[in-house]
Chemist: 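If you scroll down you'll find the structure; I have some questions about it.
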Amino acid sequence: MRRTKTDQWSQELRDVRDPAELFGGSAQTAVLRLLTMAGKVPFRSAFDGLTLREQAFVRHLLGRQQLRLTPPGVDAPAARFVLAHSMLGKLTVHEPARGDLPTEEVVAEIALPGWMTEMLDEECLTAEAEEEHQRYELDQLLHTWHTDGSLSERLEEVIDWVERVETVLVYVQRRVFSRSDSGSSTLIRDGVLPALRDRAPADWSPEERLFVAAIQLLFRTGRAVRFEEFNGRQLSAVGLRRVLTTRCAAYLRALGEPVTGQVSTAALAELAAFAGDLVELVDGGDHMRYRRVNGLTYAKDEYLLPWAQDQRSQAELPRTLRTLTDTLTGPVDDGDPSTWVRHATAAALRTAHHGGDEHGLTRILEGIVLGAVVDAHADYGMSSGIRDLSRLSGPAGQYGEEVAGLKKPDFFCCVLPSPEMAAELPGDAVTDILWQVAQRMMYNRWHFVPGNFDRIEVPRQRHYFFPPLVPDIGEWGDLRHGGHSTARVRYTLRAPGAAMWKQPLTVAGRQYRGAFDIRLVRMDGPPFTLDDLRIACRYSALVDVFWREIARYADAHDGWTPTISSFGADWYTKHTWHEPVGRLVASTQTVGGRA
């Protein structure tokens, strides 16, 4: 029986809220359990989702072992705090005596001594004063845009941008600003942003003014994907300045440049523009940007990994490709995997062009995907792309009829299990998982293509997402996403291509990011590591060679490209996926060792 997202998530909430875990021990332990969903959300991220007063409340619990939570409804002294826990697993702390009433399920209460409440008041007054000071700068930005007549256009940009990422879930105090296919959508569906049209900023709420101004600045630092770095968190003017300052300082350090005092004193608009300018320089250097993704909060945090560019290529030809050498290319020096893939792809293209057999190309892609699965000890992995690369060709920058006519079936996804997964699960169960994943990835790839064009080129009715640009490591994806639950996608790696340290994939004049990738999945622990991420990136670089060789061949042969017909429903339901896995197992048994 399939595990549904609802069943699994309901059980997670019951476990976290278990009275035996919340009552009897220290309040700090119980509150941290609720705050982090029993450790599934990093403390820093969960803490950043609290209001200023809630943060002060949590800080004052730490170290005070004598404080205890009580079940809801139990009589308590006057200074009573009520703890609620939402269906999203978010902790909120309320004070009914101050008119702050919970709207989610109340799970506990606590009484703090009066002197401690006074300390909370003192801390909050100071923090609120700082926030008010920083918000003045954002309000002035909105006033300037309103005065110069650009605010209306900027608001429309924000409305459009929030549709270009998978999920927006941002808090401003108690208010939720969201856009999600699987959850709430206050920004668009509930009309928060459209309602601001034809109204002066002075008539917007403080939270609305903060959101619109902050989103405009964040976009300058790296498009709409920057919004996701605030998912599950409080958006504040103080927090925005801290993020922009930290981002600039980290980029400067990676570039070996001094961090001057100007970074800490610059205006917010200057910081955002500076961070955006530095990104391209960082991507061309010896640090790789990557993100950590939490499936519970939707947060996507960017980090920098010191990694010289000359170390980002595969050092040895994987066994999953070595077994193809005789059948595809004849004897080839396997000392340089990139050269091998280039030569093998060229040979397979000639065969497909003259004889109509594209299975050589299929085998190369299967070998790359399966090699990544084995080397990273994943349960299964995949790479998706377009069936006929010529469909992406056309005048540079123009969203023409070829691209406009693309549909989901025009894309494919090669999903392969590890030998262990193939041996441990029934074949039909493996097929079910692989085909579910393949269909979702075909949809995603179709959704990413328009994000490579200027907005004015893409019809308004064509929904799309900005393509992924940097590698990421994900965890707990199966607890919130329905498709991930049924496909048991708990821990993930993604290495999109073309990588940001490479030129975009060029197809007859048009340039593309997010046109292909390597994705890896573990259905259970342990989580993936940075070493695993390096493996995924190196294998993605081999997929990059594969596609660039197809594009080069097309340029040299009047635009001809093969059509990759494999990896459709029949390919999965007939268990064709077992053939590359079987070849790998046979080669391993022949040499008497693990692949």
Side-chain angles (χ1 to χ4, degrees), residues 160-167 179-182 223-225 228 358 361-362 365 369 381-394 397-415 434-469 472 477 481-484 487 489 492 494-498 504-508 510-519 521 540 543-544 546-547 550-551 554 561-572:
D160 188 67
W161 291 339
V162 299
E163 292 276 19
R164 305 296 155 234
V165 293
E166 184 177 2
T167 300
R179 208 256 3 127
S180 172
D181 292 335
S182 58
R223 302 215 297 186
V225 293
E228 298 171 299
E358 41 83 28
L361 293 167
T362 299
L365 199 56
V369 170
M382 68 210 76
S383 185
S384 54
I386 191 165
R387 294 192 179 278
D388 182 353
L389 192 64
S390 68
R391 298 289 299 278
L392 298 182
S393 65
Q398 294 184 21
Y399 183 85
E401 294 180 0
E402 307 90 345
V403 174
L406 290 171
K407 303 297 182 184
K408 174 181 166 182
D410 294 317
F411 298 83
F412 72 87
C413 187
C414 169
V415 196
L434 302 187
W435 179 229
Q436 284 185 65
V437 171
Q439 292 180 86
R440 179 66 187 183
M441 292 304 103
M442 290 159 61
Y443 173 83
N444 284 354
R445 195 62 56 203
W446 172 69
H447 247 59
F448 292 148
V449 169
N452 286 281
F453 297 87
D454 289 339
R455 185 64 183 94
I456 195 172
E457 290 284 329
V458 185
R460 300 301 298 186
Q461 68 272 19
R462 171 64 154 100
H463 188 262
Y464 66 93
F465 294 134
F466 286 120
L469 299 179
D472 57 48
H481 191 293
H484 288 181
V489 182
T492 61
R494 175 171 60 178
L505 174 66
T506 302
V507 184
R510 287 182 177 148
Q511 295 186 331
Y512 294 92
R513 299 281 186 193
F516 54 85
D517 61 7
I518 282 287
R519 286 181 178 234
V521 171
S540 183
V543 182
D544 184 284
F546 175 84
W547 285 111
I550 295 176
T561 56
T563 297
I564 297 177
S565 59
S566 297
F567 315 121
D570 285 349
W571 191 89
Y572 288 101

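Because the structure is predicted, anything quoted here is derived from the model rather than measured.
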Chemist: List the atom of Gln511, the atom of Pro504, and the distance in Å for their closest heavy-atom pair.
Modeler: CB-CB, 3.8 Å
Chemist: Can you tell me how far the OH atom of Tyr443 sits from the CZ atom of Phe465, to the nearest 0.5 Å?
Modeler: 5.5 Å
Chemist: Would a distance-only check, ignoring hydrogens and angles, find a side-chain to backbone donor-acceptor pair under 3.5 Å from Arg164 to Tyr464?
Modeler: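 Yes, the answer is positive, given that a donor and an acceptor are paired below the 3.5 Å cut-off.
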Chemist: I'd like to check Leu361 versus Pro562 (side-chain heavy atoms, cut-off strictly below 4.5 Å). Are they in contact?
Modeler: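 Answer yes - side chains close enough.
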Chemist: Do Thr561 side-chain atoms and Ser390 backbone N/O form a donor-acceptor pair below 3.5 Å?
Modeler: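 Yes: the side chain of Thr561 pairs with the backbone of Ser390.
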Chemist: Using modelled atom types only, decide if a donor and an acceptor are shared between the side chain of Arg513 and the backbone of Ala498 within a distance under 3.5 Å.
Modeler: yes
Chemist: For the CE atom of Met441 and the CZ atom of Phe567, what is their distance to the nearest 0.5 Å?
Modeler: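 These two atoms lie 15.5 Å from each other.
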Chemist: Got Leu365 and Phe412 here, is their nearest side-chain heavy-atom distance under 4.5 Å?
Modeler: yes
Chemist: Do Arg391 and Val449 pass the side chain to side chain contact (heavy atoms under 4.5 Å, CB included) test, and can you show the C-alpha distance, the side-chain angles, and the key distance before you say yes or no?
Modeler: CA-CA 11 Å; Arg391 298 289 299 278; Val449 169; over 6 Å; no
Chemist: What's the shortest heavy-atom distance between Tyr572 and Val415, and which atoms?
Modeler: OH-N, 3.0 Å
Chemist: Is there a side-chain contact between Arg460 and Asp160 (heavy atoms, below 4.5 Å)?
Modeler: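 Arg460 reaches Asp160 side chain to side chain.
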Chemist: Compare every heavy atom of Met382 with every heavy atom of Val437, then report the nearest pair and how far apart it is.
Modeler: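 Smallest heavy-atom distance, with atoms named: CG1-SD, 3.4 Å.
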Chemist: Can you check whether Asp517's main-chain N or O pairs, donor with acceptor, with Ser383's side chain at less than 3.5 Å?
Modeler: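 Judged by distance alone, yes, a pair lies under 3.5 Å.
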Chemist: In the structure I gave you, are the side-chain heavy atoms of Arg462 and Val403 within less than 4.5 Å of one another anywhere?
Modeler: no
Chemist: State whether the side chain of Ser393 and the backbone N or O of Ala508 hold a donor-acceptor pair below 3.5 Å, judged by distance alone.
Modeler: no
Chemist: Can you tell me if Arg455 uses its side chain to pair, donor with acceptor, with the backbone of Val458 under 3.5 Å?
Modeler: yes
Chemist: Would you compute the distance between atom CG of Leu392 and atom CH2 of Trp547 and round it to the nearest 0.5 angstrom?
Modeler: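 Taking CG in Leu392 and CH2 in Trp547, the distance rounds to 8.5 Å.
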Chemist: Once you round to the nearest 0.5 Å, how far does CH2 of Trp435 lie from SG of Cys413?
Modeler: 9.5 Å
Chemist: Drop me the distance from Asp410's CG to Asp388's CG, to the nearest 0.5 angstrom.
Modeler: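 It is 8.5 Å, given to the nearest 0.5 Å.
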Chemist: Can you sort out the partners of Tyr399 under ring-ring contact (aromatic ring centres under 6.0 Å, His included), two or more places apart, ordered by chain and number?
Modeler: Phe453
Chemist: Check for me whether Arg387 meets the cation-pi criterion with Trp446, that is, NZ or CZ under 6.0 Å from the six-membered ring centre and within 45 degrees of the ring axis.
Modeler: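 Output no; distance or angle outside limits.
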Chemist: Between the side chain of Arg445 and the main-chain N/O of Lys408, is any donor-acceptor distance below 3.5 Å?
Modeler: no
Chemist: Identify the heavy atoms of Pro467 and Gly514 that sit nearest to each other, and give their distance.
Modeler: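 In terms of heavy atoms, the two residues are closest at CB-CA, 4.0 Å.
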Chemist: Got a second to check how far Trp571's CH2 is from Cys414's SG, nearest 0.5 Å?
Modeler: 5.0 Å
Chemist: Sub-3.5 Å donor-acceptor pair from the side chain of Arg179 to the main-chain atoms of Val165, do we have one?
Modeler: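 Yes, the answer is positive, given that a donor and an acceptor are paired below the 3.5 Å cut-off.
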Chemist: Hey, are Glu358 and Ser565 close enough side-chain-wise for a donor-acceptor pair under 3.5 Å?
Modeler: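 Distance-only check passes for Ser565 and Glu358.
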Chemist: So does Gln398 get a backbone contact from the side chain of Arg510, meaning a donor-acceptor N/O pair under 3.5 Å?
Modeler: yes
